[in-house]
Amino acid sequence: MHPTRRGFLKGGALLVSVGRASAGVAVPPPRTRRQGRVVTPNGVTDPGRMVKGARIFHLIVQTVTHEFAPGLSAECFGYNGRVHGPTLEATEGERVRIYVTNRLDTNTTVHWHGLYVPNGMDGVGGLSQRPIEPGETFLYEFELRQHGTYMYHSHHDEMTQMALGLMGMFVVHPRGGEGDGPARDYAYLLSTWALKPGLARPDPNEMSDFNVLTLNAKIFPATEAMVAKRGERVRIRIGNLSAMDHHPIHLHGHSFAVTATDGGAIPPSAQWREVSVLVPVGSTRTIEFIADNPGDWAFHCHMTHHVMTQMGHGIPNLVGVEAGDFDAALGRVIPGFGAMGGSDEEQLHEIPPNSLPMMGGAGPFGYITMSGMFSILKVRDHLETDSDPGWYENPPGTVAEVASPEQLAADGIELPG
Ligand SMILES: [Cu+2]
């Protein structure tokens, strides 16, 4: 099968989205914000504020219209106007007071995932507290007795409320700081959504067919790139609060050490090296490496369906089919149906409103055939700022290209007839 003749099913229509970017999904200029020491790509890091020796946070739970990428938005639940909530950042030994105001029209709670808290601060609705009713503001107060990467999420009707986005990261730095801490410290929260093309709200009832797979609630090409200067030590904290899916997160061009889970730091003698780290549901994994390989390196979930967006299922496999008049024939029973085939120019079919092609954004060598849980680590010899430096300029002779007849002959490669 020719690579430009692949078809992709989307919401009842088989789409071919290779060959050109559709309107509205060009790669936006990504930015990386540094509010605290931890950078939350596409999100915010909230260090709170100190009042009489305690660190104060305020989470407002509310309905939020969230954009996963230009062209795809949904009515979700969020904190402080965002999906997901801010990465809360504090230091071991601190007392935190976290006010939670419920602006939903349903009850909620907040659970502090992985943190040692008094039982009554654990946020399990009905078990450890009564739920926070609409309009109420609850206070959670506890001392941070550990350091590491944790999470927070609704623990009331959690199947629904987490499916709609009520979650965030909680980073606790070690008491006394880190003498040789990393130069870059990134935080990602992985989540999964069932958002049928054209619909306004994610479906919490879905158990298996999640079609929007996100890094910090964004899908490529809307995911902001990470940056690092060559030689810098980079830490990436990854939490997974997907409904049903574990994610093997893969980094290209480097290997890394798994340095911590939400159970605590892993002693150096027990750390292991990987190029993909499996982040199970309800867990965090922290990885560290030296960014010693300049370039634009893919950072993504290795589940192939998790780097796709809004695929539909339930039609026969048409890979390799000579489409011919198939579109017109099937279009009579399935309006808008489009099978693979035709020229590149014809390959992008009509898609329903508020939906995106299954994959892709513009790249330096054409269309990047990935979406969903996909981002890029940009390693450079020199970085003027922490914002996206643009595409990597490869040194001459270091990009794969068509083999020359001379080279083929020199290496004794004979092409099949
Ligand atoms: Cu995945």
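Fair warning: this is a prediction, and the values are worked out from it, not measured in the lab. For the numbers below, each heavy atom of this structure counts, side chains included, while hydrogens, waters and symmetry mates do not. Remember, it's 1-based here, ligands and their atoms both numbered in the order they're listed.
Using a 3.5 Å distance cut-off with no hydrogens or angles, the side chains of Tyr140 and Gln129 do pair a donor with an acceptor.
Residue His246 does not count as close to the Cu ion (ligand 1), with no N, O or S atom under 2.8 Å. In summary, no N, O or S atom of His305 is located under 2.8 Å from the Cu ion (ligand 1). Taking 2.8 Å as the threshold, His302 does not count as a candidate ligand of the Cu ion (ligand 1), since none of its N, O or S atoms lies below it.
Under the 30°/60° scheme for interplanar angles, the aromatic rings of Trp112 and Phe170 are found to stand perpendicular.
Nearest N/O/S atom of His306 with respect to the Cu ion (ligand 1) is recorded as ND1. Taking the Cu ion (ligand 1) as reference, His247 places its N/O/S atom ND1 nearest.
Under a cut-off of 6.0 angstrom, the local environment of CZ in Arg145 is sparse, with at most 12 non-hydrogen atoms contributed by other residues, nucleotides or ligands. Residue Glu393 qualifies as open at atom CD: its count of foreign heavy atoms under 6.0 Å is 12 or below.
One finds the CG atom of Asn107 at 8.0 Å from the CD atom of Gln161 (value rounded to the nearest 0.5 Å).
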